[in-house]
Amino acid sequence: MKLRTLGKTGFKVSEIGLGCWQLGNDFGPVEDTQAAQILNSAMQAGINFYDTADVYGGGLSETRIGQWKAPLSNAPIIATKVGRDGALYPDGYSKASIKASLQASMKRLNVEIIDLAQLHCVPRDVLFDGEILNWMADLQQEGLIRHFGASVEMLDEALFCTTHPKLATLQILFNLLRQDAIDELLPAAANNDIGIIVRLPLASGLLSGKMKKDQVFAESDHRHYNVDGAAFHVGETFNGLPYNKGVSLVDELRPMLDPDQSMTELALRWILDQPAVSTVIAGASRAEQVISNANASELAPLSLQQHHQLKTFYTERVRDHIRGGI
Ligand SMILES: NC(=O)c1ccc[n+]([C@@H]2O[C@H](COP(=O)([O-])OP(=O)(O)OC[C@H]3O[C@@H](n4cnc5c(N)ncnc54)[C@H](OP(=O)(O)O)[C@@H]3O)[C@@H](O)[C@H]2O)c1
């Protein structure tokens, strides 16, 4: 597993990290033993960066990570998020309410200081007001968090965050079916020493290549209840694509695969080929997926021809179908 520097944190993080939303059972039920297998296989594959949030399973994801890492001698880097729990979202934001949420996360994670706390897709007006980023800097100064960053929905929100002098990381939607960050955001992040954490690298699983049209997901899975944005931002589940459209677009990618290259490899390698990216937090519902995803770090970069084809595919075939804005 290769390591990259995570912006101003200076942390050396694995190129492939682990997204831990599924550990809150928000992709359908994950038993405790299965959760432990996912985390253990990630550690064995060299993954040292784990992304969670206070709201994943109402704190279950953080609690599971806290219990799992307690006996480990080599502590992994845990990034959590704050800003979407009921005490804050949509209009309860203050330095005190954020501090209280972070203190609750610290208990669940079993830590005395949080490695990285990210604002969790807070409302646009709250973000653009700018004060919330200063509160995070104050809480860093107070010793609650080592570093802070922001997870955002839109590129203009990400660009706004790059102007804050203390912001260490940005978590963005970025994958073969959402490529726009390449033009302006990735260079701006690199210029400001901001680590890019890529979420949804497989577009909620579409880019595994295994999904079928009209597939039915468990009722407790956001790919069921948020398929058209009924519960949270429409741009999040399946990357904002109408599900069946997403499946047919992935079918269009198949002829672009090299012999012996899987869709997952193509998708993850394409992201890792961007030097401004620090880590890719792929989600996984099984240990085998974690191991397979981790292997992308060992693969050779894609050819220039493949990169060119994939860019054309995105601009001509995909971009117009993304809902919720970019
Ligand atoms: N607003 C935010 O800040 C925000 C929002 C969303 C996500 N996130 C973070 O980003 C992380 C990743 O996002 P995500 O899990 O939603 O999306 P993702 O990584 O694009 O997709 C994960 C899904 O892809 C499938 N998969 C993964 N590896 C596979 C493999 N090797 N082969 C076949 N299928 C594979 C699995 O689906 P099956 O379970 O169907 O097999 C898995 O549940 C989350 O865990 C979370 O930490 C943050």
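Just so it is clear, the structure is predicted and the values come from calculations on it, not from any experiment. Starting from 1, each residue takes its place in the sequence as its number.
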Exercise for the section: For residues 234-265, pull every pair meeting ring pair (Phe, Tyr, Trp, His ring centres under 6.0 Å), keeping only residues two or more places apart or in separate chains. Expected result: Phe217-Phe238, Phe217-Tyr243, Phe238-Tyr243
Problem - Salt bridge Glu131-Lys95, side-chain N to carboxylate O under 4.0 Å - result: no
Handout entry: Beyond-backbone contact of Ser14 with Ile16, side-chain heavy atoms, under 4.5 angstrom
Key = no
Practice task
Quick one: which residue pairs count as a salt bridge (Lys or Arg N to Asp or Glu O under 4.0 Å) with a foot in residues 13-22, not counting sequence neighbours?
Solution key: Arg4-Glu15
Problem - Check ion pair Arg319-Asp180 (N to O, under 4.0 angstrom) - result: yes
Exercise for the section: Kindly indicate whether the side chain of Asp273, heavy atoms from C-beta on, has any atom under 4.5 Å from the side chain of His307. Expected result: yes
Practice task
Check the surroundings of atom CD in Glu184: do more than 12 heavy atoms from other residues, nucleotides or ligands lie under 6.0 Å from it?
Solution key: no
Practice task
Locate the shortest heavy-atom distance separating Ala294 from Ala45; write the atom from each residue and the value.
Solution key: CB-CB, 3.7 Å
Problem - Closest non-hydrogen atom pair between Leu207 and Pro201, with its separation - result: CD1-O, 3.6 Å
Problem - Under 3.5 Å side-chain donor-acceptor pair for Ser105 and Glu62 - result: yes
Handout entry: Atom CG of Leu72 with >12 non-hydrogen neighbours under 6.0 angstrom
Key = yes
Exercise for the section: Kindly determine whether Arg124 and Asp156 satisfy salt bridge (charged side-chain N to carboxylate O under 4.0 Å, His left out), including the steps that lead there. Expected result: CA-CA 10 Å; Arg124 285 172 72 77; Asp156 63 344; 2.6 Å; yes
Problem - Within-4.5 Å side-chain heavy-atom neighbours: Met154 and Ile326 - result: no
Exercise for the section: Would you tell me whether His147 and Asp115 have side-chain atoms, one donor and one acceptor, within less than 3.5 Å of each other? Expected result: no
Handout entry: Linked, directly or transitively: Leu133 and Ile196 (ILVMFWY side chains, under 4.5 Å)
Key = yes
Problem - Asp26 (side chain) donor-acceptor with Gln22 (main chain) under 3.5 angstrom - result: no
Exercise for the section: Starting at CD of Glu157, measure out to CG of Leu170 and round the result to the nearest 0.5 Å. Expected result: 10.5 Å
Problem - Val82 to Met136 - nearest heavy-atom pair and separation - result: CG1-CE, 4.1 Å
Practice task
Considering non-hydrogen atoms only, spot the tightest contact between Ser262 and Leu257 and give its length.
Solution key: O-CD2, 3.7 Å
Exercise for the section: Verify the distance criterion only: is there a donor paired with an acceptor across the side chains of Lys81 and Thr52 at less than 3.5 Å? Expected result: no
Practice task
Please examine the side chains of Asn239 and Leu206, heavy atoms only from C-beta on, and report whether any two atoms are closer than 4.5 Å.
Solution key: no
Problem - Minimum heavy-atom distance Leu18-Ala284, with the two atoms named - result: CD1-CB, 4.5 Å
Handout entry: Backbone N/O of Lys311 and side chain of Thr315: donor-acceptor pair under 3.5 Å
Key = yes
Exercise for the section: State, with a plain yes or no, whether a side-chain heavy atom of Tyr93 is found less than 4.5 Å away from one of Pro123. Expected result: yes
Fill in the blank from the handout: In terms of heavy-atom contacts, Glu153 and Cys121 come closest through OE2-SG, 3.6 Å
Handout entry: Donor-acceptor under 3.5 Å (Ser297 side chain, Lys2 main chain)
Key = yes
Practice task
Apply the test side chain to side chain contact (heavy atoms under 4.5 Å, CB included) to residues Ser220 and Asn25: give CA-CA distance (whole Å), side-chain angles for both, the deciding distance (0.1 Å), then the verdict.
Solution key: CA-CA 8 Å; Ser220 56; Asn25 294 352; over 6 Å; no
Problem - Heavy-atom side-chain contact between Leu202 and Asn175 under 4.5 Å - result: no
Practice task
Could you tell me whether the side chain of Leu299 reaches within less than 4.5 Å of the side chain of Glu265, counting heavy atoms only?
Solution key: yes
Handout entry: Chi angles and distances behind the side chain to side chain contact (heavy atoms under 4.5 Å, CB included) call for Glu252, Phe313
Key = CA-CA 9 Å; Glu252 290 184 37; Phe313 162 74; 3.9 Å; yes
Handout entry: Test item: Ile172 and Ile197 side chains (from C-beta on) under 4.5 Å apart, heavy atoms
Key = no
Handout entry: Aromatic plane relationship, Trp68 with Tyr50 - under 30° parallel, 30 to 60° tilted, over 60° perpendicular
Key = tilted
Exercise for the section: Look only at the side chain of Gln274 and the backbone of Trp270, and say whether a donor-acceptor pair between them is shorter than 3.5 Å. Expected result: yes
Problem - Distance-only polar pair, side chains of Thr237 and His222, donor-acceptor under 3.5 Å - result: yes
Problem - Partner of Leu177 by side-chain contact (heavy atoms from CB on, under 4.5 Å), out of Leu241, Leu200, Ile322 - result: Leu241
Handout entry: Step-by-step side chain to side chain contact (heavy atoms under 4.5 Å, CB included) determination, Arg64 to Lys69
Key = CA-CA 9 Å; Arg64 280 173 159 170; Lys69 72 161 204 31; over 6 Å; no
Completion exercise
Partner of Thr162 under side-chain contact (heavy atoms from CB on, under 4.5 Å), picked from Asp193, Leu167, Leu185, is Leu185
Exercise for the section: Taking atom types as modelled, find out whether Gln67 and Asn110 have a side-chain donor-acceptor pair closer than 3.5 angstrom. Expected result: no
Exercise for the section: Give a yes or no on this: more than 12 heavy atoms of other residues, nucleotides or ligands lie within 6.0 Å of atom NZ of Lys166. Expected result: no
Problem - Thr63 side chain vs Gly59 backbone, donor-acceptor pair below 3.5 Å - result: yes
Handout entry: Phe148/His164 under ring-ring contact (aromatic ring centres under 6.0 Å, His included): CA gap, chis, key distance, verdict
Key = CA-CA 11 Å; Phe148 72 93; His164 195 283; 5.7 Å; yes
Problem - Thr279 (side chain) donor-acceptor with Val13 (main chain) under 3.5 angstrom - result: no
Problem - Heavy atoms of other groups near Glu142 CD, more than 12 under 6.0 Å - result: yes
Exercise for the section: Determine yes or no for a side-chain-to-main-chain donor-acceptor pair under 3.5 angstrom, with Asn226 supplying the side chain and Ala231 the backbone. Expected result: yes
Completion exercise
The reported gap from CZ in Arg269 to CG in Leu272 (rounded to nearest 0.5 angstrom) is 4.5 Å
Exercise for the section: Go through Arg199 and Asp51 one step at a time and tell me if the salt bridge (charged side-chain N to carboxylate O under 4.0 Å, His left out) criterion holds. Expected result: CA-CA 9 Å; Arg199 75 171 182 268; Asp51 178 81; over 6 Å; no
Problem - Test item: Asn48 side-chain N/O and Pro76 main-chain N/O as donor-acceptor pair under 3.5 Å - result: no
Problem - Donor-acceptor pair, side chain of Ser97 and main chain of Gly92, under 3.5 angstrom - result: yes
Exercise for the section: Indicate whether the side chain of Gln306 and that of Gln261 have a donor and an acceptor atom separated by less than 3.5 Å. Expected result: yes
Practice task
Start with the C-alpha gap between Ile114 and Thr80, add the side-chain angles, then the distance that decides, and say whether side chain to side chain contact (heavy atoms under 4.5 Å, CB included) holds.
Solution key: CA-CA 8 Å; Ile114 291 175; Thr80 193; 4.0 Å; yes
Practice task
Step through the shown structure and confirm whether more than 12 heavy atoms of other residues, nucleotides or ligands are within 6.0 Å of CG on Asn74.
Solution key: no
Practice task
Kindly say whether Gln118 contributes a backbone atom to a donor-acceptor pair with the side chain of Ser151 at under 3.5 angstrom?
Solution key: no
Problem - Residue pair Thr9 / Arg146, side-chain donor-acceptor N/O under 3.5 Å - result: no
Exercise for the section: Can you measure from CD (Glu288) to CD1 (Ile38) and round to the nearest 0.5 angstrom? Expected result: 9.0 Å
Practice task
Decide whether Met1 and Ile77 are clustered together by the hydrophobic rule: side chain heavy atoms of Ile, Leu, Val, Met, Phe, Trp, Tyr closer than 4.5 Å, transitively.
Solution key: no
